[in-house]
Amino acid sequence: MKLISKISKGSYGYRNYRKKIQLTELAIGTAMILAQLLARNFTDNQAARNILTVMAILTVLPVANVASPFLASFPYSTPGKDFHKALLPYEEKCVILYDLIVTSKEQILPLDGVAVHPAGVCAYCSNPKTDISKAESYLNSMFTAHRLEGNVRVIKDFGTFERRLKGFKPASAYEDDGSVDYAAELLKNLSM
């Protein structure tokens, strides 16, 4: 059996990796619940039956905690390798994050690629249902709440996103105040 190698959040392939992990956790959790309920039938002791029932009920809570983000992120997969190849040259200019899924109260934002640069943050979202103004408003409010400049742009068209990346100067041309790394970590923490 091939073990799944660990892929960190923000790296290319994270969505598909996380889905496999969550699916495994759901299968194990469901098997545990069913085993506990099935074990109830093999005992005549009422106290043991009650304990097995309570154990099954308590096992449902962590399984539900895994199922909720799994169901929310299920429609969104890692973009194709061509997408990754197209963004590789820009990793020298700025920090590129892949496969982030940020949730707000109003919508789920599948950010396929995010460029974190001293001049601002530019995010590509391939979901056609995304309300760009609400997405930008939410991300900018999160940035300002964490004492960062609210300069986040969300773009649905890949050509426009790529043109924006081409316009960035190398990050080394700017003074490093640590805000790029802080912004990248904030986006990873906001993502599920």
Side-chain angles (χ1 to χ4, degrees), residues 1-88 91 95-114 116 121 123-131 134-135 138-139 142 145-146 154 181-192:
M1 181 175 153
K2 181 182 173 187
L3 294 175
I4 301 171
S5 60
K6 183 163 176 49
I7 299 175
S8 61
K9 191 183 287 188
S11 299
Y12 179 75
Y14 181 74
R15 284 184 197 160
N16 291 347
Y17 163 77
R18 192 68 196 136
K19 277 185 188 178
K20 290 176 187 175
I21 297 296
Q22 288 173 325
L23 200 54
T24 303
E25 290 172 345
L26 286 172
I28 291 170
T30 302
M32 288 173 57
I33 293 167
L34 293 175
Q36 291 162 352
L37 292 175
L38 187 64
R40 286 184 76 242
N41 297 325
F42 293 110
T43 182
D44 292 331
N45 185 343
Q46 188 61 38
R49 293 181 91 166
N50 291 345
I51 289 172
L52 287 168
T53 302
V54 170
M55 285 174 52
I57 291 169
L58 292 176
T59 306
V60 168
L61 296 174
V63 172
N65 285 339
V66 172
S68 176
F70 175 75
L71 293 174
S73 66
F74 185 76
Y76 312 110
S77 296
T78 297
K81 292 188 186 275
D82 292 338
F83 175 80
H84 184 242
K85 286 179 185 175
L87 293 186
L88 277 176
E91 289 183 0
V95 175
I96 302 285
L97 301 173
Y98 299 94
D99 291 354
L100 299 180
I101 298 177
V102 177
T103 56
S104 69
K105 290 180 181 179
E106 299 166 340
Q107 61 186 343
I108 297 172
L109 306 171
L111 305 176
D112 298 324
V114 181
V116 184
V121 176
Y124 171 66
C125 179
S126 61
N127 184 4
K129 296 179 182 177
T130 300
D131 184 336
K134 287 182 182 178
Y138 172 73
L139 290 170
M142 293 307 291
H146 288 88
V154 179
D181 293 333
Y182 184 58
E185 283 305 311
L186 174 61
L187 284 166
K188 287 181 194 178
N189 290 335
L190 290 174
S191 178
M192 23 184 205

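Because only heavy atoms are used, hydrogens play no part in the values below, and waters and symmetry mates are left out as well, while side chains stay in.
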Heavy-atom neighbours of Lys9 NZ exceed 12 at 6.0 Å: yes
Do the ring centers of Tyr124 and Phe83 come within less than 6.0 Å of each other? yes
Check: [Y] and [X] side chains under 4.5 Å, non-hydrogen atoms:
{"X": "Arg18", "Y": "Ile21", "answer": "yes"}
{"X": "Ile101", "Y": "Arg15", "answer": "yes"}
{"X": "Leu190", "Y": "Tyr138", "answer": "yes"}
{"X": "Phe70", "Y": "Leu23", "answer": "yes"}
{"X": "Val114", "Y": "Ile96", "answer": "no"}

Minimum heavy-atom distance [X]-[Y], with the two atoms named:
{"X": "Ile7", "Y": "Gly13", "answer": "CD1-O, 3.9 Å"}
{"X": "Ile108", "Y": "Thr103", "answer": "CG1-CG2, 4.1 Å"}
{"X": "Gly29", "Y": "Val63", "answer": "CA-CG2, 3.5 Å"}
{"X": "Cys125", "Y": "Asp112", "answer": "C-OD2, 4.3 Å"}
{"X": "His146", "Y": "Met142", "answer": "ND1-O, 2.9 Å"}

Euclidean distance, [Y] [atom2] relative to [X] [atom1], rounded to 0.5 Å:
{"X": "Lys188", "Y": "Leu97", "atom1": "NZ", "atom2": "CG", "result": "6.0 Å"}
{"X": "Tyr17", "Y": "Ser8", "atom1": "OH", "atom2": "OG", "result": "9.0 Å"}
{"X": "Tyr76", "Y": "Asp99", "atom1": "OH", "atom2": "CG", "result": "13.5 Å"}
{"X": "Met192", "Y": "Leu100", "atom1": "CE", "atom2": "CG", "result": "11.0 Å"}
{"X": "Glu25", "Y": "Thr30", "atom1": "CD", "atom2": "OG1", "result": "11.5 Å"}
{"X": "Leu87", "Y": "Glu91", "atom1": "CG", "atom2": "CD", "result": "7.5 Å"}

Specify whether Tyr12 and His84 have parallel, tilted or perpendicular ring planes, treating 30° as the upper limit for parallel and 60° as the lower limit for perpendicular. parallel
Given Thr130 and Gln107, is the side chain to side chain donor-acceptor pair (under 3.5 Å) satisfied, shown in steps? CA-CA 7 Å; Thr130 300; Gln107 61 186 343; 4.9 Å; no
Sequence-distant partners of Arg40, side chain to side chain donor-acceptor pair (under 3.5 Å), two or more places apart: Thr53
With sequence neighbours excluded, residues passing side chain to side chain contact (heavy atoms under 4.5 Å, CB included) with Ile28: Thr24, Met32
If we ignore angles and hydrogens, is there a donor and acceptor under 3.5 Å between the side chains of Lys19 and Ser77? yes
Can a side-chain donor-acceptor contact be found between Asn50 and Gln46 if the only test is distance below 3.5 angstrom? yes
Any donor-acceptor pair under 3.5 Å from Ser191 side chain to Leu187 backbone: no
